[in-house]
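Worksheet: one structure, shown below.
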Amino acid sequence: MNVNRSRPAISVRNLEVTFTRSSRPVRAVNGVSLDVQAGEAVALLGESGSGKSVTLRSLMRLHDPRTTRLAGTIAIEGDDLLAMTRAELNKLRGGRVAMIFQEPLLALDPVYTVGQQIGEAIRVHRPMSRSEARAEALKLLQAVRIPSPERRLDAYPHEMSGGMRQRAMIAMSLAGGPSVLLADEPTTALDATVQIQVLILLRELQRELGLSIVFVTHDIAAAVEIADRVAVMYGGAIVEEGPVRDLIRSARHPYTIALLNSRSEGGMVRGQRLATIGGSPPDLSQLAPGCSFAPRCAYARQVCSERMPPPTEVSSGHHVRCVLVDPALQAAPMPAGS
Ligand code: SF4
């Protein structure tokens, strides 16, 4: 596939997503800006409630418009997503932009065979007969390296293992010939050995088909396996973003450093305690001004609670939002007793 690198596949500017829950606004995403280039894989990394899945679903406008306010801009290959009509959105979803969900058993229909479901997904976007769609579905099952693909065409989802179901769902996501693939924790429900196989498959498909991938995960190892770049989210904002190796080796935001320190390492011994991040993620219905990590941050100072620091580039393409790297704010006084 030829990859158009002249414009980003996805360009998000100042995205804000606010839900109304029990008449109260919940600010789930607060000023996210992100570019994903054609053929690039970007991981959104963070704890539950950090805003990564909400950001991902916004890229397809999947939230209920009656209870969700979207502000900012989202451009998919230059087209304004927030200005699209319902018909335009339906054409985009499953066509140019496809989504892989966390739990394939919930996403696949239990009463149709995998071949029927992939075939119908193909026919929604490409006019062809049922037998032609079945032949295309077989090609997609082969493309996702599913064992015995001819047999799987006539299998029901419950007759397949979790790993095979996830491969079938990836095949279905490719049915409309997407250029952008959104993946919401696609390996979380799988056991460890299958997880790595699915990650490798996604990476191979990305290279073979020139796909742009946005991948949501709380697993740093998964991000390293699949991503060219990582955006770390906290409190609905991107707090650190950069090339994956640079970010893992030279993380600068205290939250990213705490996340990296809390992963289990190969050299750990039995009984050794994992490092944890003290405190809780912020209540997004009561976000205070300033850096939302401040209540959990050992380096917090007065200025941190006054305004969110702007992104500072600390090395090529590596941006951090923290007073510790902001030349204009580093001179701010530390709180008493710190
Ligand atoms: Fe900690 Fe302040 Fe940096 Fe936020 S801005 S991470 S509170 S030092």
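Start at 1 and go down the list; that is how both ligands and their atoms are numbered. Side chains included, hydrogens not; waters and symmetry mates left out as well; all remaining heavy atoms used.
Val325 and Thr312 get closest at one heavy-atom pair: O-CG2, 3.3 Å.
Interface of His253 with ligand 1, defined as ligand atoms under 4.0 Å from a residue heavy atom, comprises 6 (S).
The only option from His318, Arg252, His319 that meets the side-chain hydrogen bond (donor to acceptor under 3.5 Å, both in side chains) definition with Glu240 turns out to be His318.
In summary, the aromatic rings of His253 and Tyr234 are positioned with their centroids too far apart to meet the 6.0 Å limit.
If you look at atom 2 (Fe) of ligand 1, the protein N, O or S atoms less than 2.8 Å from it are Cys304 SG.
No hydrogens or angles considered: nothing links the side chains of Thr217 and Asp219 as a donor-acceptor pair under 3.5 Å.
Scanning for side-chain contact (heavy atoms from CB on, under 4.5 Å) contacts around Ser173 gives Ala98, Ile100, Ile170, Leu181, with sequence neighbours left out.
The cationic atom of Arg296 (NZ for Lys, CZ for Arg) does not lie both less than 6.0 Å from the six-membered ring centre of Phe293 and within 45° of the ring axis.
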